[in-house]
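Right, one structure below, let's go through it.
First listed ligand is number 1; within each ligand, the first listed atom is number 1. When a residue number appears, it is its place in the shown sequence, counting from 1. Worth saying up front: this structure is predicted, and the values here are computed from it rather than measured.
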Amino acid sequence: MTTALYHREGAYIPRIAAIHDLCGYGKCSLGVAIPVLSAAGCDVCPVPTGLFSSHTAFPGWYMHDTTAILADYLDAWKGIGVDIDAVYSGFLGAPEQVDIIRSVYETYPNALRVVDPVMADHGKVYPTYTPELCEAMAGLAADADILTPNLTEASIILGIEWPGADVDEATARRMIDGLREKGARNVVLKGIDRNDGIIRNYVEGDSVEFFVTENELLPYMLHGTGDLFASSLLAAVMTGRDLSHATRFASDFVVSAMKITAHQPDFQNRGVSFEPLLGDIASLLKK
Ligand SMILES: Nc1ncnc2c1ncn2[C@@H]1O[C@H](COP(=O)(O)OP(=O)(O)O)[C@@H](O)[C@H]1O
Ligand SMILES: Cc1ncc(COP(=O)(O)O)c(C=O)c1O
């Protein structure tokens, strides 16, 4: 049985706490979540987990960790009665930020919990991620209604060796089972590449039966595609799509944005360009 994870009433505008870093250059994180979810008719309320001059794949970057301000920032929300329909977290700056996200879950117990456990890719942990932060993120994964790891992140959460990008269906299913046994309600396992020109995402959960998306694998990689995937998936969920439709929408949307990006100068450094396609996100509002 496949059911929607969010039911939107009429013209209601859902409010999403987006707990990610803000990156000045090299589109990712809040720079993706705010426009994409706004185009889906959501009210995005940013909770910045850090300020970056650019994402950390560039050879030089400046980072400001915002952990110290977050408790006061969120307490002030309590003081003015902010209500939240979904809590969407991604790149974090420190293990204490996981405790802060848990406190947001306590304040808004009915909000949908979406955890993109951004920490690593291609078998390598991102430079700002300490073992303590990875462990804390693995703990947060257990609280997710929707968890969207790549294979490296899934391996860290499960405490197993990274199996490489070429995993067979049985292995992918075992990894999803393991993540669900740890507590995640629905899992989207991303980026399976069997060297056959196709990129696959595997999905299974309480709200959705096992299925796989298949898209052409474009012969280049761009930064921010993980954030664009999770944000466009959530855009579809918040317009009432079930997780199978939402995953298909996000997989297709990322491919379209990657194709547009390839026409831009210096495209492999600038991050994924999705701006001309925001109308496709808005079209989710038409049932
Ligand atoms: N080269 C590509 N060709 C087609 N789709 C892609 C490509 N790279 C990423 N995607 C799509 O975007 C999703 C997330 O991208 P990815 O960069 O693998 O996430 P992450 O940054 O979390 O590792 C993939 O699972 C896939 O659906
Ligand atoms: C600061 C920052 N935020 C977010 C990300 C996530 O990027 P992606 O969407 O490619 O996983 C990265 C990855 O390098 C990063 O450095």
Side-chain angles (χ1 to χ4, degrees), residues 18-33 36 48-66 88-94 97 115-129 133 137 147-157 162 165 167 172 187-203 212-234 246-262 267-272 274:
I19 311 179
H20 304 250
D21 65 285
L22 182 64
C23 246
Y25 182 72
K27 272 165 281 183
C28 57
S29 313
L30 285 176
V32 174
V36 167
T49 56
L51 306 178
F52 282 78
S53 54
S54 70
H55 64 60
T56 57
F58 284 100
W61 37 270
Y62 167 81
M63 172 200 181
H64 175 79
D65 181 351
T66 55
Y88 167 35
S89 63
F91 188 102
L92 303 182
Q97 294 187 350
V115 178
D116 186 12
V118 180
M119 14 181 201
D121 204 0
H122 309 295
K124 273 183 72 179
V125 171
Y126 293 145
T128 54
Y129 272 73
L133 180 50
M137 185 73 99
L147 180 69
T148 57
N150 61 33
L151 284 162
T152 312
E153 291 155 352
S155 308
I156 294 171
I157 296 165
W162 174 57
V167 298
V187 178
V188 181
L189 185 62
K190 297 178 305 190
I192 288 90
D193 170 10
R194 301 218 178 97
N195 295 311
D196 59 359
I198 292 173
I199 188 160
R200 294 176 172 82
N201 297 309
Y202 286 93
V203 186
V212 54
T213 61
E214 297 188 344
N215 287 85
E216 68 172 308
L217 174 67
L218 299 175
Y220 46 89
M221 64 93 48
L222 298 172
H223 286 284
T225 47
D227 291 328
L228 187 63
F229 179 86
S231 296
S232 52
L233 181 142
L234 183 55
T247 309
R248 285 195 183 94
F249 177 82
S251 312
D252 294 344
F253 188 75
V254 172
V255 173
S256 302
M258 288 185 76
K259 285 183 176 167
I260 284 188
T261 311
F267 77 94
Q268 283 186 288
N269 279 326
R270 59 184 286 135
V272 60
F274 54 84

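Note on ring orientation: taking the six-membered ring where Trp is involved, the planes of F58 and Y25 are tilted (angle from 30° to 60°). Between Y220 and F267, the angle of the ring planes goes over 60°, which puts this pair in the perpendicular group of the 30/60° scheme.
Qualifying ring pair (Phe, Tyr, Trp, His ring centres under 6.0 Å) partners for F91, counting only residues two or more places apart in sequence or in other chains: F52, Y129. Remark: W162 engages T152 in a side chain to side chain donor-acceptor pair (under 3.5 Å) (not counting sequence neighbours). Residues satisfying the side chain to side chain donor-acceptor pair (under 3.5 Å) criterion with K190, sequence neighbours excluded, are absent altogether.
In summary, the atoms of ligand 2 found under 4.0 Å from a heavy atom of V118, numbered by their order in the structure, are 6 (C). For ligand 2, the atoms sitting less than 4.0 Å from at least one non-hydrogen atom of C28 are 3 (N), 4 (C), numbered in the order shown with element in parentheses. In summary, the atoms of ligand 2 found under 4.0 Å from a heavy atom of G226, numbered by their order in the structure, are 9 (O).
Looking at every heavy atom in both residues, L218 comes nearest to V255 through CD1-O, 3.8 Å. Shown here for H55 and C28, the closest heavy-atom pair between the two residues is CB-SG, 3.8 Å. In terms of heavy atoms, T66 sits closest to P48 at OG1-O, 2.6 Å.
Looking at W61, F229, F91, it is F91 that brings a heavy atom closest to atom 2 (C) of ligand 2.
Contact annotation for T56 and ligand 2: heavy atoms of both the backbone and the side chain come within less than 4.0 Å of the ligand.
When only non-hydrogen protein atoms are considered, atom 11 (O) of ligand 2 lies nearest to Y126 OH, 3.3 Å. Atom 1 (C) of ligand 2 has as its closest protein heavy atom D21 OD2, 3.4 Å. Summary of contacts: the protein heavy atom closest to atom 8 (P) of ligand 2 is G224 N, 3.8 Å.
When only interatomic distances are considered, the shortest N/O to N/O separation between L222 and ligand 2 does not fall below 3.5 Å. When only interatomic distances are considered, the shortest N/O to N/O separation between S29 and ligand 2 falls below 3.5 Å. Distances between N or O atoms of C23 and those of ligand 2 include no value under 3.5 Å. For a threshold of 3.5 Å applied to N or O pairs, the pair formed by D227 and ligand 2 contains at least one separation below that value. In terms of polar-atom proximity, H223 is not counted as a contact of ligand 2, lacking any N or O under 3.5 Å from an N or O of the ligand.
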Pairwise, report which nitrogen or oxygen atoms of ligand 1 are under 3.5 angstrom from protein nitrogen or oxygen atoms, and how far apart they are.
residue: ligand 1; atom: 1 (N); partner: L218; partner atom: O; Å: 3.0
residue: ligand 1; atom: 1 (N); partner: Y220; partner atom: O; Å: 3.1
residue: ligand 1; atom: 3 (N); partner: L218; partner atom: N; Å: 2.9
residue: ligand 1; atom: 17 (O); partner: T225; partner atom: OG1; Å: 2.6
residue: ligand 1; atom: 22 (O); partner: K190; partner atom: NZ; Å: 2.7
residue: ligand 1; atom: 23 (O); partner: D121; partner atom: OD1; Å: 3.3
residue: ligand 1; atom: 23 (O); partner: D121; partner atom: OD2; Å: 3.0
residue: ligand 1; atom: 23 (O); partner: N150; partner atom: ND2; Å: 2.8
residue: ligand 1; atom: 25 (O); partner: G191; partner atom: N; Å: 3.2
residue: ligand 1; atom: 25 (O); partner: N201; partner atom: OD1; Å: 2.6
residue: ligand 1; atom: 27 (O); partner: N201; partner atom: ND2; Å: 2.9

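To the nearest 0.5 Å, the span separating CG on D193 from CE on M221 amounts to 12.0 Å.
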Side chain to side chain donor-acceptor pair (under 3.5 Å) between S251 and N201, worked out: CA-CA 8 Å; S251 312; N201 297 309; 3.2 Å; yes
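Put simply, the side chain of R194 gets close to the backbone of V167: a donor and an acceptor are under 3.5 Å apart. Of the possible polar contacts, none joining the H223 side chain to the T56 backbone as a donor-acceptor pair under 3.5 Å is found.
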